[in-house]
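Since we're looking at a predicted model, the values are computed, not measured. Residue numbering restarts at 1 for every chain, and letters A, B, ... go by the order of the sequence lines.
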Number of protein chains: 2
Amino acid sequence: MATLKQVAAHADVSVQTVSNALNAPHRLRPDTLERVTRSIELLNYRPNRNARSLRTSAVELIGYCVPSWHGGQAHLVMDQFLHALCAAAETTGRHILLFTAPSGADGMSVYDDLHARRLVDGFVLSQTETHDPRHGWLKEQAIPFVSFGRVWKESTQPGPYVDVDGAGGCAMATRHLYDGGRRRIGFLGWPRTSGLAEDRLTGWRDTCVELGLPVDGLAVHCVEDTFDEGARGAASLLDASEPVDAIVALSDVLALGAMRELNRRGLAAGTDVAVTGFDDSPLASVVSPALTTVRQPIDLIAHELIDILTGPAESEAPAERLLQPELIVRGSSAPG
Amino acid sequence: MATLKQVAAHADVSVQTVSNALNAPHRLRPDTLERVTRSIELLNYRPNRNARSLRTSAVELIGYCVPSWHGGQAHLVMDQFLHALCAAAETTGRHILLFTAPSGADGMSVYDDLHARRLVDGFVLSQTETHDPRHGWLKEQAIPFVSFGRVWKESTQPGPYVDVDGAGGCAMATRHLYDGGRRRIGFLGWPRTSGLAEDRLTGWRDTCVELGLPVDGLAVHCVEDTFDEGARGAASLLDASEPVDAIVALSDVLALGAMRELNRRGLAAGTDVAVTGFDDSPLASVVSPALTTVRQPIDLIAHELIDILTGPAESEAPAERLLQPELIVRGSSAPG
DNA sequence: CTGAAAGCGCTTACAG
DNA sequence: CTGAAAGCGCTTACAG
């Protein structure tokens, strides 16, 4: 491997000049730059990143904790997210460093260690939970980070974040069902203790109220994000004295559970009862008819995250960006 | 951030001794070690990895190219694989560095650059394709790597690999269906040009022949790994003059497509026609009945990959490890 | 515009 | 068992 010194010798300039050719080419006279560039190419020189990082104390690596795959809770769009995050990081010359850590406060020593040993410059947080302790901790340690998702605390959120307007997404779905003639729209959610669930629920509820549709007893809280829970929730909405003619589900998984239940009862999803999901995961096209769902703008999210993390240090208030999702209409929400 | 020098001053020893306390503690007298250790803890010292890497020229980072998510080809177990790979790397003090690259030979300059600039020590390859050009190229450049999956060339494969016995997996599935009373078992695969497809097909075919079951006209080659293709393939197996009573699919996606088709025809998957998949992806429990499928030993694969990559340099022949999958029996293959 | 020199924070023969 | 010193390959004020 050629070094800066060898290139300098070859081009008959000082190492400083070669370094400038790479990092500040405008400082060189055109002919010098050309000569140096030729030497660089000839010797196939690549700057050693470790040496650079040691000097500048910036590693250009961003830490991301891979969520563990516990009990059926699959991260169906994680591959898309990771690819987008990686691509976004690369547009700034950075890369993603993956690591595992215990969830919650127990994992903070891992984050701390990674940063202290200069393996990463900062972190992108995802799988953000309600009252997630990581944000406050990192902020306190002055470790750079940006969060995908909110912590849903009452007070102001520590540090910058990017999130998707879940309420807006569910409002879109609800309005779409209304436009398709549905007048009794149920909601399949998670327990209220989840800020994300509460947010999406609000979108459905407010829209129903606005449209003059009933909401009482039409929101079911599933215990976990599984097909079985979705089916169970749908069953309770269908067994009510006045059954629903549409279901807005907080996730694709719950939506598919609901469709399975419809199927079991000989009801046609989309014509008898319309169903919508959330995430546009690969699951959405498993079923027939395919699932209408709310898609998060993954590429945009990734770019915003990288932009915030690598941009100039926060002036005053940390960045808070709320992105709009998109409704992907498919067969499961055919007009009734 | 404390440095080695500061710790040395605090413990009243040389920097060399502190370094030894960290990397070769047996060289210190117990009382010295204790004193140094106390100083390290007191100052909350963490060795700067960049400085270390610069000196040792080992970054303890392993490159992994995140597959791009093109057109419906979801990588449904990628989150599991990445988590396993990351955890396995961490047991050796290493981490995974993610990057994107064009597929095939076009991407090699990215691999080369990452290695030349010392961002990674080597690579784990996955999404290995038939005649994958990466292996030969990396081997030629003497860049360390290990492959998950074979290149299926006629000649010997460049470099070490870990793979799962696909033929064995499909043989298990076929035998299981036979044990459940099935006597006309179809196969849903991909075109023969894929080594992986050929391997799995062989497992089904050889087992059928061994059991005295028919195989002629019972293997359908789907054009791509989608639900629609699975459904189409199943349709052709069901429309034959002598319809099948079971289907071994090369992937969960094809299997679910097949189940959708059965459903559409009013046939009960599992009782009328048994179906098996491959991968035990999250999809397997979407359907009702749940899908019987062949599970790859993800954690073991990850450990073997890291073990090979970080182990002593190859003596002579590169490591070649073929792991056995496991059949996960669920409702879709209920006895007929 | 160009160069000589210091230094980032480690590790590692080499002496003692 | 311990220490003084060189050096890994860069970048960056500072002079000229």
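- Under the Watson-Crick or G-U wobble criterion, with both distances below 3.5 Å, D:dC14 is paired with C:dG3.
- As a whole-Å value, the separation of A:Arg29 CZ from C:dT2 C1' is 9 Å.
- With respect to A:Arg49 and A:Glu60, a salt bridge is recorded, a charged nitrogen being found less than 4.0 Å from a carboxylate O.
- The nearest pair of heavy atoms linking B:Glu90 to A:Leu98 is OE2-O, 4.4 Å.
- Remark: B:Leu323 CG to B:Leu300 CG distance equals 5.0 Å, nearest 0.5 Å.
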I'd like a table of atom pairs between the protein and nucleotides 11-14 of chain C - only N or O on both sides, under 3.5 Å - with the distance next to each one.
| from | atom 1 | to | atom 2 | distance (Å) |
| --- | --- | --- | --- | --- |
| C:dT11 | OP1 | B:Asn23 | ND2 | 3.0 |
| C:dT11 | OP1 | B:Arg52 | NE | 3.2 |
| C:dT11 | OP2 | B:Ser19 | OG | 2.6 |
| C:dT11 | OP2 | B:Asn23 | ND2 | 3.4 |
| C:dT11 | O2 | B:Arg55 | NH1 | 2.4 |
| C:dA13 | N6 | B:Gln16 | NE2 | 2.8 |

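- Rounded to an integer number of Å, the gap from CG of A:Leu54 to C1' of D:dG7 is 12 Å.
- The distance from atom CG of A:Asn50 to atom P of C:dG9 is 15 Å, rounded to the nearest whole Å.
- When atom types are taken as modelled, the side chain of B:Gln296 and the backbone of B:Pro325 share no donor-acceptor pair closer than 3.5 angstrom.
- In this entry the distance linking CZ of A:Arg117 with P of C:dC10 reads 12 Å, nearest Å.
- Salt bridge present: B:Asp307 and B:Arg321 bring a charged side-chain N and a carboxylate O closer than 4.0 Å.
- In this structure, A:Tyr64 and A:Phe81 have tilted ring planes: the angle between them lies in the 30° to 60° band.
- Atom CG in B:Asp31 sits about 10 Å away from atom C1' in D:dC1, given to the nearest Å.
- Here A:Ser14 does not reach the OP1 or OP2 of C:dT2: none of its side-chain N or O atoms lies under 4.0 Å away.
- Atom CD in B:Gln6 sits about 9 Å away from atom P in C:dC10, given to the nearest Å.
- Ion pairing between a basic and an acidic side chain is recognised when a charged N comes within 4.0 Å of a carboxylate O; A:Asp113 and B:Arg46 show such pairing.
- If you check every strand for non-hydrogen atoms under 4.0 Å, A:Thr32 touches sugar and phosphate atoms only.
- For B:Asn48 and D:dC8, the CG to P distance is 18 Å, given to the nearest whole Å.
- When the P atom of D:dC1 is taken as reference, atom CD of B:Glu34 falls 16 Å away, rounded to whole Å.
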